[in-house]
Number of protein chains: 2
Amino acid sequence: MSLPHALLALLDAGPMTGYELTKQFDQSADRVWHATHPQIYTELRRLEGAGLVTAREMPRGPKAKAVKRAYALTEEGGAELRRWVAQVEAPQRVRDVAYLKATYYEYAEPETVREQFEAHRAHFHEQQQRWERHVEQLRARRTELLSRRLAGAAREDHEKIVAFKVHAYQGLIERARTEVAWAERGLALVAGLDEPPDPAASAE
Amino acid sequence: MSLPHALLALLDAGPMTGYELTKQFDQSADRVWHATHPQIYTELRRLEGAGLVTAREMPRGPKAKAVKRAYALTEEGGAELRRWVAQVEAPQRVRDVAYLKATYYEYAEPETVREQFEAHRAHFHEQQQRWERHVEQLRARRTELLSRRLAGAAREDHEKIVAFKVHAYQGLIERARTEVAWAERGLALVAGLDEPPDPAASAE
DNA sequence: TGTTACATGTAAGTCGTTACATGATTAC
DNA sequence: GTAATCATGTAACGACTTACATGTAACA
């Protein structure tokens, strides 16, 4: 649903190949949208057909035995991106496995529950740190994409462009922190349930 | 992916019809998982085929011109639920339209951006309140499902059962609060960008 | 010579949404 | 009688994942 727009948004900074886009959408990248390469290559062809991007075929390496395709935004593509940004989106529906499972943790061994909260904490802690680094880079205007984007924008818009990106990633940092805190409260809860509250009332 | 388990989890409290389950999964309900009725009826038939639930056909109304099917967990269904709860899940990948869009708000009119942050705030504020009410109900053990679930569980497990559910929904409350705060910071940001920081430097 | 990174695709299948379709029962 | 709610489905389509498939180029 948002994949085409996520692609247009990245291409807005400048032309890229499907491979480069794939790396951007990778789990390990600092992106808010994830997609796999089959999805991306397919979608790029579709966008090309719709006239929202154009492809330029380029030789790979000096021997020119293979080609790669660099995609660039067309004017319609840019217009579509702007139209989409202005449009209010319906709120996403909740569908969270971790929380669904957490609701039924009474069925699992305390040890297992601990492991899961640990994993949750580790995951979001890592995300938090990655996004913190990313915000630093954004503020210093040191990221590849941002530099390219700023190069193609009016000087007086620079502050605004940076501010919105920083705000978005700051939000993700806060979100990750919230998850870390939740997992930690979860760990405390299991620890408390594990050793019964009143030693006199404990069985066997 | 988690739909079958979300269904098993609900049926764990006691038998229900597809229609009742649909209401539980509705956007307006206090659930962490969303699903639509075609998905639910289809999945129930699949679970029945797999032996994880059994269906009992019941007459609808006194005239018995139509039937409804109440689904109940089988022993294998219960076992599967327990197996699933104990299993560590791979973390979900980020895919968030609101944040994706927010990264490119420089393209939208300040008025439009404001509207979107407003909508974001309103949505999560409402969720927050709903979940707060839900936690109150859980603590007082006044929800339908929880009473049914507790009725079928050993007395000494009651505290644990309630505690995990409360913890999960508390997490969702915190999450919603984080989103509300993010939207509010966003509104402040737009307001600040709208009136240029230095009146002397403003153009026309 | 072999491994890693570059680079692009197809095919099958699952998960989820939306639209279509039908009919009974209850309350006003 | 008629509207809302109860109740259950099918069909078509779109989004996403996983497995399969292929080949080049750089580097050690």
Side-chain angles (χ1 to χ4, degrees), chain A residues 1-7 15-29 31-50 53 55-71 89-97 100, chain B residues 1-7 15-29 31-50 53 55-71 89-97 100:
Chain A
M1 208 172 194
S2 299
L3 175 63
H5 297 104
L7 288 169
M16 266 194 265
T17 66
Y19 188 78
E20 289 171 302
L21 287 163
T22 299
K23 276 192 302 181
Q24 292 290 330
F25 281 112
D26 208 35
Q27 269 144 293
S28 61
R31 294 286 134 207
V32 271
W33 200 265
H34 166 79
T36 55
H37 80 267
Q39 230 191 323
I40 291 165
Y41 286 113
T42 309
E43 189 60 38
L44 284 169
R45 290 286 182 167
R46 212 189 58 77
L47 289 170
E48 193 187 359
V53 301
R56 199 157 45 133
E57 300 210 334
M58 306 168 92
R60 289 176 50 196
K63 292 176 194 166
K65 279 198 182 165
V67 283
K68 58 179 175 181
R69 321 186 85 226
Y71 290 90
E89 208 80 19
Q92 282 181 25
R93 328 211 215 210
V94 229
R95 204 172 265 151
D96 194 295
V97 205
L100 175 62
Chain B
M1 210 176 191
S2 300
L3 174 64
H5 297 104
L7 289 168
M16 265 193 265
T17 66
Y19 188 78
E20 288 171 302
L21 287 162
T22 299
K23 278 192 300 180
Q24 292 289 331
F25 281 114
D26 209 33
Q27 268 144 293
S28 60
R31 295 285 134 210
V32 272
W33 200 265
H34 167 79
T36 54
H37 81 269
Q39 230 191 323
I40 291 165
Y41 286 114
T42 309
E43 189 60 38
L44 284 170
R45 290 286 181 166
R46 213 190 57 78
L47 289 170
E48 194 186 1
V53 301
R56 198 156 47 134
E57 300 210 334
M58 308 168 93
R60 291 176 48 196
K63 293 174 190 164
K65 279 199 182 163
V67 283
K68 57 178 175 183
R69 323 186 84 225
Y71 290 90
E89 207 80 19
Q92 282 181 24
R93 324 204 218 217
V94 226
R95 206 172 264 154
D96 195 295
V97 205
L100 175 62

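Naming convention: chains lettered A, B, ... in sequence-line order (proteins, then strands); numbering from 1 in each chain.
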**Q** Which whole-number value in Å describes the distance from A:Trp33 CH2 to D:dC16 C1'?
**A**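 Result: 11 Å.
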**Q** Rounded to the Å, how far apart are B:Met58 CE and D:dC6 P?
**A**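 So the CE-P distance, B:Met58 to D:dC6, works out to 16 Å.
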**Q** Expressed in angstrom and rounded to an integer, what is the separation of B:Ile40 atom CD1 from C:dG16 atom P?
**A**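 Atom-to-atom, B:Ile40 to C:dG16, this comes out as 11 Å.
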**Q** Does a side-chain N or O of B:Arg95 approach OP1 or OP2 of D:dT17 to a distance below 4.0 Å, or not?
**A**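 Answer yes for this pair, as a side-chain N or O of B:Arg95 is under 4.0 Å from OP1 or OP2.
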**Q** Name the closest nucleotide to the B:Arg93 side chain, picking from C:dT17, D:dT18, C:dA24.
**A**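 Nearest to the side-chain atoms of B:Arg93, counting from C-beta on, is D:dT18.
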**Q** Round to the nearest Å and state the distance from A:Gln92 atom CD to C:dT17 atom C1'.
**A** 14 Å
**Q** Start with the C-alpha gap between B:Ile40 and B:Tyr19, add the side-chain angles, then the distance that decides, and say whether side chain to side chain contact (heavy atoms under 4.5 Å, CB included) holds.
**A** CA-CA 9 Å; B:Ile40 291 165; B:Tyr19 188 78; over 6 Å; no
**Q** Drop me the distance from B:Glu43's CD to B:Tyr71's OH, to the nearest 0.5 angstrom.
**A** 11.0 Å
**Q** At less than 4.0 Å, is any side-chain N or O atom of A:Gln39 found next to OP1 or OP2 of D:dT17? Yes or no.
**A** yes
**Q** If the condition is side-chain contact (heavy atoms from CB on, under 4.5 Å), which residues does B:His37 pass it with, not counting sequence neighbours?
**A**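 Result, side-chain contact (heavy atoms from CB on, under 4.5 Å) vs B:His37: B:Thr22, B:Tyr41.
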**Q** For nucleotides 3-14 of chain C, give me one character per nucleotide, 5' to 3': B if any protein heavy atom sits under 4.0 Å from the base, S if the only such contacts are to the sugar-phosphate, - if neither.
**A** --SBBBBB----
**Q** Just the rounded figure in Å: distance from C1' of C:dG16 to CZ of B:Arg46.
**A**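 Value for this atom pair: 14 Å.
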**Q** Output yes when a side-chain donor or acceptor of A:Arg95 lies under 3.5 Å from a complementary backbone atom of B:His34, and no otherwise.
**A** yes
**Q** So, taking the atom named CD in A:Glu89 and the one named CG in B:Asp96, what distance separates them when rounded to the nearest 0.5 Å?
**A** 10.0 Å
**Q** Is B:Glu20 reaching over with its side chain to a backbone N or O of B:Thr17, donor-acceptor style, under 3.5 angstrom?
**A**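 The answer is yes, because a donor-acceptor pair under 3.5 Å joins these two groups.
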